[in-house]
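Read the structure below first, then the notes.
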Number of protein chains: 2
Amino acid sequence: MRRVRTMEEFASASGISRPTVSKYFQDPGSVRESTRARIEAALERLEYRPNVYAMNQNRRLTRNIGVVVPLLSDPFFGELARILERLCIEAGFRPILLSSDGDGAREGENLDTLLSLKPAGALMAPLGRASDRDAVAGFAAEVPTVLVDNNLEGIGAEFVGLDVGRAVGTIVDYLCRSGPPPCLFEMADPPNPNARRRRAAYAAAMGRLGHEPMVVSVPGEGWEFEEIGLRGGLAMLEGGGAPSGTVLCSNDRLAIGLLAAAFRQGVRVGIGKGCAMRVAGIDDHPFARFTCPSLTTVAQDYERMAGRAVATLLSVMEGGGSGPAGERREVIFDGRLVMRSSA
Amino acid sequence: MRRVRTMEEFASASGISRPTVSKYFQDPGSVRESTRARIEAALERLEYRPNVYAMNQNRRLTRNIGVVVPLLSDPFFGELARILERLCIEAGFRPILLSSDGDGAREGENLDTLLSLKPAGALMAPLGRASDRDAVAGFAAEVPTVLVDNNLEGIGAEFVGLDVGRAVGTIVDYLCRSGPPPCLFEMADPPNPNARRRRAAYAAAMGRLGHEPMVVSVPGEGWEFEEIGLRGGLAMLEGGGAPSGTVLCSNDRLAIGLLAAAFRQGVRVGIGKGCAMRVAGIDDHPFARFTCPSLTTVAQDYERMAGRAVATLLSVMEGGGSGPAGERREVIFDGRLVMRSSA
DNA sequence: CTAGAAACTTTGCCCGTGTAAAGAACATAG
DNA sequence: CTATGTTCTTTACACGGGCAAAGTTTCTAG
C-alpha cells in the first residue's frame with residue numbers, strides 16, 4: 001500500500017481531479033456514485049489521509065464539535081460526555097472533549113482553546129456559579145452552542161436539562177405519601193446552581209403538600225460531594241439525626257456520602273421495619289444501584305437529553321449559525337422515579 | 001482592544017518582524033527579553049491568537065499530546081486522565097483526550113485520529129485484550145508513546161504501572177496474617193489483562209504463604225464490573241458464601257458490586273465481631289472510601305505514576321523521538337495498603 | 001435525439017503560518 | 001572603541017488544501 005502525501009498526488013493516482021477529491025472528503029455524498037467508488041477504490045490502494053491542519057485552515061467551519069463538561073472525574077459527567085461523544089461521531093463530527101475540572105478559569109481557557117479550533121458547534125455543561133458568564137456568552141455568540149444540565153439564562157441556542165420542579169416534586173410526593181415528609185440535605189454553599197433550583201423546588205413541593213420545609217445545610221467547598229455528604233451526614237446523625245427521619249439529598253453524590261455516614265453510625269437506612277432513616281437522591285448516578293442500600297432517586301434520562309442536545313445543535317449548525325434563528329428554548333425532561341431500597 | 005487577524009498585522013502593529021513574532025509563539029523564551037516584553041505589551045493591546053491550523057501545518061511536530069484511556073466513565077480512568085491532562089498543560093502542551101469506550105475498534109480509530117493530528121507524543125492506557133496490538137505498535141513506532149496502567153510488551157518507550165506482584169502480595173499478606181486466607185474473586189473472562197496478572201500474583205502469594213489458591217470466577221462480559229460483581233456475589237453468597245470467609249477482589253469495582261451483594265443478603269462485612277465476611281479490593285477507586293463498609297484496598301499512586309509517565313514522555317520527545325534512545329523500561333510502583341473497614 | 005441540469009476538470013489564486021538565508025543592529029567582552 | 005557572537009529584519013518560498021470561475025463531460029428527461 002503506497003503512501004501518498006498530498007491530495008494532489010492522490011487525485012492524479014486515482015484519476016480524479018483534486019477539487020473533486022476535496023469535495024469527496026468534505027462530504028462523500030456530494031460526488032457522483034461512480035466517482036465515489038473510484039475514490040474509495042484508490043483509497044484502498046493508496047494510504048492517504050488529508051492533512052487535518054491544511055483542511056481546516058481555509059474552511060470557514062471545521063467538523064469539530066466542542067464538548068465541555070465541568071468535571072470529568074464525576075461519573076455523571078463522564079457518562080454524559082460519553083454519550084455526547086458517541087452521538088457526535090455518529091453524526092460525522094469529531095468531538096473535542098474538554099473538562100473544566102471544577103474551575104472557572106479552566107472553563108474559560110477551554111472556551112478559548114475551542115474558539116481557536118473553529119468548531120462547528122459546542123455542547124456545554126457549564127460549571128454554574130464558577131462560570132465566567134460573559135466569557136460563555138461571548139463564546140456562544142460566535143459558536144452555535146447548546147447548554148446541557150446547567151442553565152445559564154439567555155446563553156446559547158437552547159438549554160437541555162432536567163425539569164427540576166417536576167423531578168423534585170415527584171420524589172417529594174413519593175416520600176410524603178410513603179412515610180414522613182423529607183428534609184432536604186444539601187450543601188450550604190453549592191458550586192452548582194442546580195442545587196439552588198432544587199432547594200426552591202423542594203420548598204415549593206413541600207408547600208403544595210402542606211408541609212413545612214426543613215433544610216439541613218452542610219458546610220464544605222468544591223466538588224468532593226461524597227466527602228461533604230459523609231462529614232455533614234456524620235454531624236447530622238451525631239446531632240440527633242434527620243429532622244423527620246426522611247432525607248432527600250440534593251444530589252446522589254451527597255446521598256452516597258450520607259449513606260456511608262449512616263452505615264458508620266449503625267443507622268439502618270431503608271423502608272423495611274427496623275430502619276431508622278430513609279434516604280433519597282436526585283440524578284440516578286451510575287453508582288446509585290450499588291450503594292448500600294441501593295439508592296432511591298430520580299433518574300435523568302442522559303440518553304434522551306444528549307440526543308436532543310445534539311439534534312438541536314446539528315439543526316442550528318445547519319441553519320448557518322447566525323441567522324435570526326428561532327427563539328432560544330429551554331427543553332426540560334421529566335425525571336423518572338427509580339425506587340430502590342433506600343426510601 | 002482591537003482585533004487583529006494575522007500574525008503579519010500583529011507584527012507590524014507591535015513593531016516586530018513576523019518571523020520573530022513567530023519564534024515568540026513557538027517558544028517565548030527564545031527571544032530577547034526586551035523583545036518579549038514588547039510583544040507581550042502588544043498582546044495586551046491587541047486581541048490576537050495565532051491560527052492553530054496554519055501553525056501546525058508546517059510544523060513537523062505540534063504541541064499536542066494524545067491521552068488515550070480505555071473508558072472514561074470509569075472513575076479510575078477519569079481520575080487518571082484528569083491528572084495526565086493537568087501535567088501536560090503544566091508542561092506547556094495541549095492534551096487531546098480520547099476514550100476508547102471499552103472497544104478495540106474505537107481505540108484504533110482514536111490512534112488514527114491522533115496520528116493525523118501529528119502529536120508530539122502520546123500517553124496511552126491500552127484496552128488490553130481488546131487492543132489491536134499491531135495498530136498500537138504501529139502508532140507507537142511513529143509517535144513517542146508511554147503506556148500506562150496496562151502493559152503491552154515491547155510497545156512504547158516505557159510502561160508505567162503498578163507492581164502487581166508486590167501489590168497483590170501486600171494485601172494477601174495482610175489478609176492472611178489478620179484472618180483466614182482470601183479467595184480471589186474475579187471475572188472468568190476479564191477484558192483487562194491486568195486481571196490475569198493479578199490472578200497469577202495471587203496464586204504466587206498464596207503459595208509463598210503455604211496456602212492453596214482459591215478462585216471464584218464469575219461470569220460476565222464487558223466493563224460493567226460493579227454489575228458483574230453484584231450478580232456474581234449474589235450467586236456466590238447464595239451458593240454457600242465465600243470459600244474462606246475472606247475475599248480479595250481482582251479490582252475495586254468488582255468489590256463494590258460484591259459489597260452490594262453482601263448487603264442485600266444481610267451478610268455483614270468487616271473485621272469486627274459479628275462480621276461474616278471480609279472483602280478487599282485493589283486500586284483504591286475514588287469511591288472506595290464511601291462504600292459500606294469502606295473498602296480496604298491497595299492504592300495505586302495515580303499522581304506519581306502520571307508524573308513519571310509525563311516526565312518520561314517529555315524526555316523522549318526531547319530526544320527527537322526516533323533516536324536509538326534507551327532501552328524500553330517498565331517502571332512499576334508499589335501499591336500502598338489502605339486499611340479501612342471491610343477487611 | 002436533444003436540451004438542460006448536474007457533475008466534473010482545469011486553472012489559478014488564497015489562506016496564515018513555518019522556515020531558511022543574508023544582512024543589519026545590538027550586546028558583551030576585551 | 002573594536003571584535004564577535006546574538007538577535008533581529010528582510011526577503012522569499014513552502015505547505016496542503018479551500019474555493020471560485022469557466023469550460024467540458026455526463027446524466028436525466030422529454
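In what follows, every chain begins at residue 1, and chains take the letters A, B, ... in the order their sequences are listed. Note that these values count all heavy atoms, side chains included, but never hydrogens, waters or copies made by symmetry.
The base of C/dG18 sits within donor-acceptor range of the side chain of B/Arg18, with an N or O pair under 3.5 Å. Side-chain atoms of A/Gln57 come within donor-acceptor range of the base of C/dG16, with a qualifying N/O pair under 3.5 Å.
No engagement by B/Tyr24 is indicated, since no non-hydrogen atom pair under 4.0 Å with the nucleic acid exists. Using a 4.0 Å heavy-atom distance criterion, B/Thr6 is classed as a sugar-phosphate-only contact. Contacts of B/Tyr48 with the nucleic acid, taken as non-hydrogen atoms under 4.0 Å apart, involve only primed sugar atoms and P, OP1 or OP2. Within 4.0 Å (heavy atoms only), A/Thr20 reaches at least one base atom of the nucleic acid. Within the 4.0 angstrom heavy-atom criterion, only backbone atoms of the sugar-phosphate kind lie near B/Thr35; the bases stay farther away.
As a whole-Å value, the separation of A/Asn51 CG from D/dG16 C1' is 6 Å. C/dC26 atom C1' lies 13 Å from atom CD1 of B/Ile16, rounded to whole Å. Nucleotide C/dG12 holds its C1' atom 12 Å from the CD atom of A/Glu8, rounded to whole Å. Atom CZ of B/Phe25 is separated from atom P of C/dT19 by 15 Å (rounded to the nearest Å). Rounded to an integer number of Å, the gap from OH of A/Tyr53 to P of C/dG16 is 18 Å. When rounded to the nearest whole Å, the span between CZ of A/Arg36 and C1' of C/dC8 equals 15 Å. Rounding to whole angstrom units, CD1 of residue B/Ile39 and P of D/dT7 are separated by 14 Å. Between the CZ atom of A/Arg59 and the C1' atom of C/dC14 there is a distance of 16 Å, given to the nearest Å.
Across the interface with DNA chain C, nearest-nucleotide mapping of B/Arg49 and B/Arg32 shows B/Arg49 to be the residue nearer the 5′ end. For B/Lys23 and A/Lys23, each mapped to the nucleotide of DNA chain C holding its nearest heavy atom, the one lying further toward the 5' end belongs to A/Lys23. Mapping B/Ser17 and B/Ala54 onto DNA chain D via the closest heavy atom, the residue that lands nearer the 5' end is B/Ser17. For the pair A/Pro19 and A/Met7, nearest-nucleotide mapping onto DNA chain D gives the more 5' position to A/Met7.
Using a 4.0 Å cut-off between charged side-chain N and carboxylate O, B/Arg328 and B/Glu330 make a salt bridge. Looking at B/Arg82 and B/Glu79, a side-chain N of the basic residue comes within less than 4.0 Å of a carboxylate O on the acidic one, giving a salt bridge.
For B/Met55, the side-chain atoms get nearest to C/dT17 when compared with the rest of C/dT17, D/dG16, D/dG17. Of the candidate nucleotides C/dC8, C/dG18, D/dG18, C/dG18 has the atom lying nearest to any side-chain atom of B/Ser22.
B/Tyr48 and B/Glu9 share no side-chain donor-acceptor pair at under 3.5 Å.
Annotation: the span from A/Leu84 atom CG to A/Ile89 atom CD1 amounts to 11.0 Å, rounded to 0.5 Å.
Relative ring orientation between B/Tyr302 and B/Phe76 is described as tilted, the plane-to-plane angle lying within the 30° to 60° band. Between A/Trp223 and A/Phe77, the two ring planes are perpendicular [angle over 60°; tilted spans 30° to 60°].
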